[in-house]
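Source: prediction; values computed, not measured. These numbers come from the heavy atoms of this one structure, side chains and all, not from hydrogens, waters or symmetry mates. In what follows, chains are A, B, ... by sequence order, proteins preceding strands, each numbered from 1.
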Protein chains: 2
Amino acid sequence: MANQFDALLRRLSLKVTPKRLAILEILAAEPIYLTPEEVWTRMKRKSTRAGLPTVYRNLEELSACGILIKIVHPDRRLYYYFCPNDHHHHHFVCISCRKVEDLNFCGLDSIDREVRKSLKGAVVSHLMQVYGRCKECLAG
Amino acid sequence: MANQFDALLRRLSLKVTPKRLAILEILAAEPIYLTPEEVWTRMKRKSTRAGLPTVYRNLEELSACGILIKIVHPDRRLYYYFCPNDHHHHHFVCISCRKVEDLNFCGLDSIDREVRKSLKGAVVSHLMQVYGRCKECLAG
DNA sequence: TCCTAATTGAAAATGATTTCTGATTATAGC
DNA sequence: GCTATAATCAGAAATCATTTTCAATTAGGA
């Protein structure tokens with residue numbers, strides 16, 4: 001199996017195309033949230049040229065089936081995509097270098113309990129992003 | 001003092017204009033996140049006609065100085081604005097009726113401690129939104 | 001009241017994302 | 001391997017929330 005994502009795509013009955021593999025390789029290579037356009041630029045560098053709409057479509061598809069995580073930038077109206085290697089979806093995002101680090105802490109259990117108890121509602125999903133500066137950016 | 005926001009605006013050295021007051025009144029009247037366009041529509045109903053750019057400008061300004069809270073919808077690429085009456089910025093947002101309720105629980109202290117200790121980074125800001133169905137929508 | 005800077009409206013611009021169309025390509029079945 | 005076919009693709013054009021521009025108006029201090 002030339003590529004680690006080959007089997008993953010097949011399992012999800014998505015065709016294994018050079019574009020899809022390139023996108024996944026780029027995102028798997030750096031633990032950073034990238035915009036569709038940044039992924040596209042990196043593809044050109046790797047001489048896997050693709051149309052921007054293709055990049056958008058694939059990122060959307062791959063995040064829809066759970067391979068990638070998609071977030072919105074809270075200030076600019078942009079989508080960012082990230083390839084997590086584990087299943088923990090809470091991140092510390094450095095506002096300088098955009099590096100992503102995992103947060104071991106997840107307060108969702110307490111939140112779920114709180115919503116159920118005092119609001120009598122039901123939690124469907126949640127979004128938690130913590131922004132700051134990472135160790136390296138604080139030093140530099 | 002004809003209007004409760006009069007003094008607030010003066011304190012922030014923002015001119016007290018009919019449009020600004022109308023926007024604040026609309027948002028203060030319902031505990032719901034509204035899009036700029038929804039605010040604009042409600043202004044027309046109140047016969048305080050304003051241009052859409054004016055609504056955008058004011059919402060941006062008012063959220064910049066902390067009177068309003070601005071979030072991005074995680075799926076559609078829209079801005080939502082909300083007028084909090086207290087200072088607690090964690091919300092439970094009903095995905096059916098869009099009503100906003102406060103969450104007493106805030107895990108930021110623990111997160112801050114975690115980031116400082118194990119990542120050696122510094123938290124600058126955070127975004128937590130919990131989506132679900134409120135009591136009424138669960139019943140209806 | 002007058003002056004000046006802030007605010008506003010209307011139209012045009014922006015820019016990320018999506019849609020459309022007609023090629024191209026991966027893969028299942030032979 | 002070969003073929004059929006459904007998925008995928010590129011490029012151009014469209015979409016649409018938001019922003020900018022600029023001339024006209026207005027709020028608030030002097």
Side-chain angles (χ1 to χ4, degrees), chain A residues 1-3 5-24 26 33-44 46-65 67-68 70-81, chain B residues 1-3 5-24 26 33-44 46-65 67-68 70-81:
Chain A
M1 197 106 324
N3 192 292
F5 294 113
D6 202 291
L8 180 56
L9 289 175
R10 276 174 212 285
R11 208 176 312 132
L12 293 157
S13 36
L14 289 174
K15 288 188 176 175
V16 181
T17 69
K19 324 277 171 173
R20 269 213 255 269
L21 288 176
I23 289 172
L24 283 172
I26 284 166
Y33 276 97
L34 294 178
T35 61
E37 193 155 350
E38 287 170 332
V39 172
W40 182 61
T41 306
R42 280 165 172 72
M43 286 183 82
K44 282 193 289 193
K46 292 181 66 175
S47 67
T48 315
R49 208 166 282 273
L52 200 42
T54 300
V55 175
Y56 272 96
R57 248 184 321 240
N58 278 305
L59 288 173
E60 185 55 37
E61 231 160 22
L62 293 170
S63 72
C65 64
I67 302 183
L68 301 178
K70 171 189 184 179
I71 63 171
V72 251
H73 186 110
D75 298 320
R76 312 200 285 125
R77 296 190 311 145
L78 287 175
Y79 289 142
Y80 283 167
Y81 292 87
Chain B
M1 192 111 327
N3 192 293
F5 295 112
D6 201 290
L8 179 56
L9 289 175
R10 277 173 212 284
R11 208 176 313 132
L12 293 156
S13 36
L14 289 173
K15 288 189 176 175
V16 181
T17 68
K19 325 278 172 173
R20 269 213 257 269
L21 289 176
I23 289 172
L24 283 172
I26 284 165
Y33 276 99
L34 294 177
T35 61
E37 192 155 351
E38 287 170 332
V39 172
W40 181 62
T41 307
R42 281 164 171 73
M43 286 182 82
K44 282 192 290 193
K46 293 181 65 175
S47 67
T48 315
R49 208 167 283 274
L52 201 41
T54 298
V55 175
Y56 272 97
R57 257 183 312 238
N58 277 304
L59 289 173
E60 183 55 37
E61 229 159 23
L62 294 171
S63 71
C65 64
I67 302 182
L68 301 178
K70 170 190 185 179
I71 63 172
V72 250
H73 186 110
D75 299 321
R76 312 199 284 126
R77 297 190 310 144
L78 290 175
Y79 290 143
Y80 282 166
Y81 293 88

(request) Using side-chain hydrogen bond (donor to acceptor under 3.5 Å, both in side chains) as the criterion, list what pairs up with B:R42, not counting sequence neighbours. (result) B:E30
(request) Measure the angle between the two terminal helix axes of the helix from C:dT1-D:dA30 to C:dC30-D:dG1, five base pairs each, and quote it to 10°. (result) 40°
(request) Write down the atom of B:A22, the atom of B:T48, and the distance for their closest heavy-atom approach. (result) CB-CG2, 3.7 Å
(message) Please report the distance, rounded to the nearest Å, between CH2 in B:W40 and P in C:dA10.
(response) 10 Å
(request) With sequence neighbours excluded, tell me which residues meet salt bridge (charged side-chain N to carboxylate O under 4.0 Å, His left out) with A:K70. (result) A:E60
(message) Testing the basics here: between A:A50 and A:V55, what is the closest heavy-atom pair and its distance to 0.1 Å?
(response) CB-CG2, 4.4 Å
(request) Please list, chain by chain and in numerical order, all residues satisfying salt bridge (charged side-chain N to carboxylate O under 4.0 Å, His left out) with B:R57, sequence neighbours excluded. (result) none
(message) Are B:I67 and B:L12 packed together at the side-chain level, in the sense that at least one heavy-atom pair is separated by less than 4.5 angstrom?
(response) yes
(request) Quick one: list whatever passes salt bridge (charged side-chain N to carboxylate O under 4.0 Å, His left out) with B:K46, sequence neighbours left out. (result) B:E25
(message) I need a per-nucleotide contact map over nucleotides 17-30 of chain C, read 5' to 3'. Cutoff is protein heavy atoms under 4.0 Å; write B for the base, S for backbone only, - otherwise.
(response) BBBB-----BS---
(message) For a quick test of reading the model, state the closest non-hydrogen atom pair linking B:L9 to B:K15 and the distance between them.
(response) CD1-O, 4.4 Å
(message) Tell me every residue that passes side-chain contact (heavy atoms from CB on, under 4.5 Å) with A:R49, counting only those two or more places apart in sequence or in another chain.
(response) A:K44
(request) Identify, with sequence neighbours excluded, every residue that meets salt bridge (charged side-chain N to carboxylate O under 4.0 Å, His left out) alongside A:E37. (result) none
(request) Provide the start and end nucleotides, 5' to 3', of the part of DNA chain D that has atoms under 4.0 Å from heavy atoms of chain A. (result) D:dA6 to D:dT18
